[in-house]
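Remarks on the structure that follows.
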Amino acid sequence: MLGRLRHDGTVRQLLLVETAEGSEALAHYYVKGAAGWRLRAAGSAFIGKHGTGKQREGDLKTPCGDLRPLRAFGILPDPGSLLPYLRIVPGTVACDAKGPHYNRIIQTDPSNGGPEELSGERMWELSPEYSYGIETDYNAAGIWPLGSAIFVHCKGNKKWTGGCIALDLPFMKKVLTTADEGLLISIR
């Protein structure tokens with residue numbers, strides 16, 4: 001894969017997630033330089049409880065294929081992300097409800113123009129998982145019920161995710177502080 005991407009000018013970083021068995025995976029993070037690809041971090045990762053092959057909302061599967069980052073986010077302060085950074089605060093929800101906000105991270109505080117209630121993950125309550133993360137372009141059109149909130153984020157207490165990719169916090173922080181819009185997240 002690295003050879004195929006060597007001359008692709010749109011890909012400057014690669015997070016390669018190689019699924020193993022069940023919800024276990026290996027992740028390798030590469031950065032492209034003048035001399036070629038350089039491994040910057042590697043380690044175990046968790047994926048969806050039911051493995052890969054995402055087809056619909058709530059199936060607890062991780063999608064296979066290539067994803068791109070939309071922005072970084074986190075409960076913790078911005079560690080120096082090269083991607084735009086959204087601070088997760090009380091009221092921040094990853095919407096999983098059918099409607100105009102499906103598959104979007106929004107603020108539910110009515111004083112900021114947001115709705116009062118919205119179904120979805122109350123992101124500010126999910127620590128350490130959302131200490132740091134990257135929102136991906138999975139189902140960017142927000143088509144119900146193809147799946148929502150597919151992120152790369154920190155590991156929590158469970159050895160699986162609802163469909164995301166979970167990395168150890170130092171690994172996640174390394175990606176956040178060195179990846180930009182040239183990041184390709186490849187799940188195999």
Side-chain angles (χ1 to χ4, degrees), residues 1-49 51-54 61-88 94 105 123 126-140 147 149-188:
M1 169 164 252
L2 295 174
R4 177 175 61 86
L5 296 172
R6 184 173 187 184
H7 300 292
D8 184 336
T10 66
V11 178
R12 294 183 293 278
Q13 304 93 27
L14 172 67
L15 179 61
L16 179 60
V17 181
E18 298 173 300
T19 59
E21 189 170 317
S23 62
E24 296 180 11
L26 292 174
H28 296 85
Y29 176 59
Y30 299 91
V31 174
K32 190 189 306 182
W37 290 101
R38 185 172 137 211
L39 181 66
R40 296 292 305 265
S44 68
F46 298 139
I47 59 169
K49 184 176 186 177
T52 58
K54 181 143 209 73
K61 292 182 178 182
T62 300
C64 287
D66 296 339
L67 302 172
R68 290 295 196 144
L70 296 177
R71 63 182 163 183
F73 64 81
I75 294 169
L76 297 176
D78 184 348
S81 174
L82 299 179
L83 292 164
Y85 192 82
L86 173 68
R87 183 76 186 267
I88 302 300
I105 297 175
M123 295 178 76
L126 297 172
S127 178
E129 291 89 339
Y130 291 159
S131 293
Y132 295 120
I134 295 174
E135 181 181 13
T136 73
D137 66 352
Y138 178 79
N139 190 18
I150 300 299
F151 305 137
V152 180
H153 61 71
C154 298
K155 287 181 179 176
N157 295 324
K158 298 180 280 191
K159 298 198 180 295
W160 53 273
T161 71
C164 298
I165 298 136
L167 306 172
D168 290 317
L169 189 139
F171 191 159
M172 186 71 235
K173 193 172 180 181
K174 171 71 79 178
V175 174
L176 275 188
T177 58
T178 58
D180 58 25
E181 68 280 348
L183 175 65
L184 179 69
I185 302 156
S186 186
I187 306 152
R188 304 281 174 240

Note to self: When you measure from the side chain of R12 to the backbone of V31, do you find a donor-acceptor pair of N or O atoms at a distance under 3.5 Å?
What the structure shows: no
Next item on the list: Could you tell me whether the side chain of T62 and the main chain of G48 form a donor-acceptor pair under 3.5 Å?
Entry: yes
Note to self: Nearest 0.5 Å, please: how far is NE2 in H28 from CE in M1?
What the structure shows: 13.5 Å
Checklist line | Non-hydrogen side-chain atoms of E21 and E24 separated by less than 4.5 Å | finding: no
Note to self: Under a 3.5 Å distance rule, please check whether D180 uses its side chain to pair with a backbone N or O of L82 as donor and acceptor.
What the structure shows: no
Notebook entry, point to check: Rounded to the nearest 0.5 Å, what separation is found between the CG atom of L16 and the CZ atom of R188?
Noted result: 7.5 Å
Note to self: Applying side chain to side chain contact (heavy atoms under 4.5 Å, CB included) to K49 and K158, what does each step give before you reach the verdict?
What the structure shows: CA-CA 9 Å; K49 184 176 186 177; K158 298 180 280 191; over 6 Å; no
Notebook entry, point to check: Which value, rounded to the nearest 0.5 Å, describes the distance between Q13 atom CD and E181 atom CD?
Noted result: 8.0 Å
Item checked: Minimum-distance pair of heavy atoms, taken over all atoms of S81 and A72 -> OG-CB, 3.4 Å
Item checked: Intermediate values then yes/no, side chain to side chain contact (heavy atoms under 4.5 Å, CB included), K173 and L76 -> CA-CA 11 Å; K173 193 172 180 181; L76 297 176; over 6 Å; no
Margin query: Strictly by salt bridge (charged side-chain N to carboxylate O under 4.0 Å, His left out), give each pair with a member in residues 159-169 just once, sequence neighbours left out.
Written below: K155-D168
Note to self: How close do Y132 and P77 get, counting heavy atoms only, and between which atoms?
What the structure shows: CE2-O, 3.5 Å
Margin query: Measuring from atom CG of D8 to atom NZ of K32, what distance do you get when rounded to the nearest 0.5 angstrom?
Written below: 5.5 Å
Note to self: I need the single residue from T161, L169, L126, I134 that forms a side-chain contact (heavy atoms from CB on, under 4.5 Å) with H153. Which is it?
What the structure shows: T161
Next item on the list: From the options V17, L183, L167, L176, select the one residue that forms a side-chain contact (heavy atoms from CB on, under 4.5 Å) with V152.
Entry: L167
Check: Sub-3.5 Å donor-acceptor pair from the side chain of W160 to the main-chain atoms of S23, do we have one?
Finding: no
Margin query: If I take atom CZ from residue R40 and atom CZ from residue F171, how far apart are they, to the nearest 0.5 angstrom?
Written below: 11.0 Å
Notebook entry, point to check: What is the minimum heavy-atom distance between L15 and A27, and which atoms define it?
Noted result: CD1-CB, 4.3 Å
Item checked: Minimum side-chain heavy-atom gap R71-I105 below 4.5 Å -> yes
Check: When you measure from the side chain of T136 to the backbone N and O of I150, does any donor-acceptor pair fall under 3.5 Å?
Finding: yes
Item checked: Least distance between heavy atoms, T52 atom then I187 atom -> CG2-CG2, 4.5 Å
Check: Which heavy-atom pair separates D66 from S186 by the least distance, and what is that distance?
Finding: OD1-OG, 2.8 Å
Check: Got more than 12 heavy atoms from elsewhere within 6.0 Å of NZ, K61?
Finding: yes
Margin query: Going by the rule salt bridge (charged side-chain N to carboxylate O under 4.0 Å, His left out), which residues pair with R6 if we only count those two or more places apart in sequence or in a different chain?
Written below: none
Next item on the list: Classify the ring geometry between F151 and Y130 as parallel (under 30°), tilted (30 to 60°) or perpendicular (over 60°).
Entry: perpendicular
Check: What are the two closest heavy atoms between T178 and Y29, and how far apart are they?
Finding: OG1-OH, 2.8 Å
Check: Hey, mind stepping through M123 and E129 against side chain to side chain contact (heavy atoms under 4.5 Å, CB included) and telling me if it holds?
Finding: CA-CA 9 Å; M123 295 178 76; E129 291 89 339; over 6 Å; no
Check: If you round to the nearest 0.5 Å, how far is SG of C64 from CD1 of I47?
Finding: 7.5 Å
